[in-house]
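Here's the structure, in structure tokens; my notes come after.
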Amino acid sequence: ACLRCTNSMRYGAGYTSDAGATNCTSCEAEYYRDDNGRCQDCPADAICDSGTTTKTLVPDASYYRFSTTATTMYPCPYPANCLGGNHNMSMMCTEGSTGPLCALCNPDYHHSENKCEVCSMERSWTGPLVVGVLFIMVGVLLVFFAKKMLEFETKNKQKLKELGSQCNSIFVTMQIVLLLESNHAEVGGTEMPDPYSGFLKTVGFLNLDVIQFVPLNCVYSGGFDHGDALVLECSVPFGFFLIALAFSTWKSRMRA
């Protein structure tokens, strides 16, 4: 007599077979067959159709699998870069992205929000150019109205000091909140609900992530790798320190 695989004492939940088979060597949907031939519950954030094995486990969209023997799916730092829905390791990343977790952009592509986008003047450089122009305008205003600004500062020194302390507190607090949100997402936490998530995206520039903001991968023909990023991240604070020192020296000379 033919027995249903799931009712058999030898097998149990999750097992199935092809028509005409003499034993239960396959697994139902929502299960997969491990390397020992046993049917196991489908891993979290994976897709298990009928007949799935360890080798053919498929990650959900926005998740990544490091090898065909891995049974753990990892969230991608740039969700739109990870296609999911395919167990072929060479087809897990969208066009323009590559590397573990699809976290790197190929040359002529750059990170933009949650994915790699092709380099173009309109999409890639509009933001940096606007910020650059604003910095130049502020510099010009400082030169032309230096004396009036110094007089205003001298007259309202205490109020400006209090305002500066308040702004600094808000700035540091928002950086801490953004860091917590980023760490929460990286460890697989659920996305923050609106309007909280929308607010954090709006103030995301407070992270001062130069690599995220400026499409440096579009500048270098060989791409902008982690080594380059490390050097830049270490250099930027020192650059800001030099600018602050120069500004302080300039103010002292103007007062003199």
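Quick note: numbers below take in every heavy atom, side chains included, and nothing from hydrogens, waters or symmetry partners.
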Could you tell me whether the SG atom of Cys105 lies less than 2.5 angstrom from the SG atom of Cys116?
yes

Who else is in Leu160's hydrophobic cluster (ILVMFWY, side-chain heavy atoms under 4.5 Å, direct or via others)?
Phe152

Students should find that the hydrophobic cluster of Leu179, defined by side-chain heavy atoms under 4.5 Å apart, otherwise consists of none

Just list the side-chain donor-acceptor pairs under 3.5 Å for residues 36-43, sequence neighbours left out, or say none.
residue: Gln40; atom: NE2; partner: Asp34; partner atom: OD2; Å: 2.9

Partners passing ring pair (Phe, Tyr, Trp, His ring centres under 6.0 Å) against Tyr31 (at least two apart in sequence or in another chain):
none

Non-neighbouring partners of Tyr32 that pass ring pair (Phe, Tyr, Trp, His ring centres under 6.0 Å), sequence neighbours left out:
none

Residue list, side-chain contact (heavy atoms from CB on, under 4.5 Å) with [X], at least two apart or on another chain:
X	value
Val138	Leu142
Cys93	Tyr64, Ser97, Cys102
Ala44	none
Thr72	Tyr74

Separation between [atom1] of [X] and [atom2] of [Y], rounded to the nearest 0.5 Å:
X	Y	atom1	atom2	answer
Met91	Leu83	CE	CG	8.0 Å
Thr56	Ile47	OG1	CD1	11.5 Å
Asn81	His111	CG	NE2	6.0 Å

Over all atoms of both residues, closest heavy-atom pair of Lys55 and Arg65
O-NH1, 3.3 Å

Determine all donor-acceptor pairs shorter than 3.5 Å in which one atom belongs to a side chain in residues 161-177; sequence neighbours excluded.
residue: Glu162; atom: OE2; partner: Gln158; partner atom: NE2; Å: 3.4
residue: Ser165; atom: OG; partner: Lys161; partner atom: O; Å: 3.1
residue: Ser169; atom: OG; partner: Ser165; partner atom: O; Å: 3.0
residue: Thr173; atom: OG1; partner: Ser169; partner atom: O; Å: 2.7
residue: Gln175; atom: NE2; partner: Leu206; partner atom: O; Å: 2.9

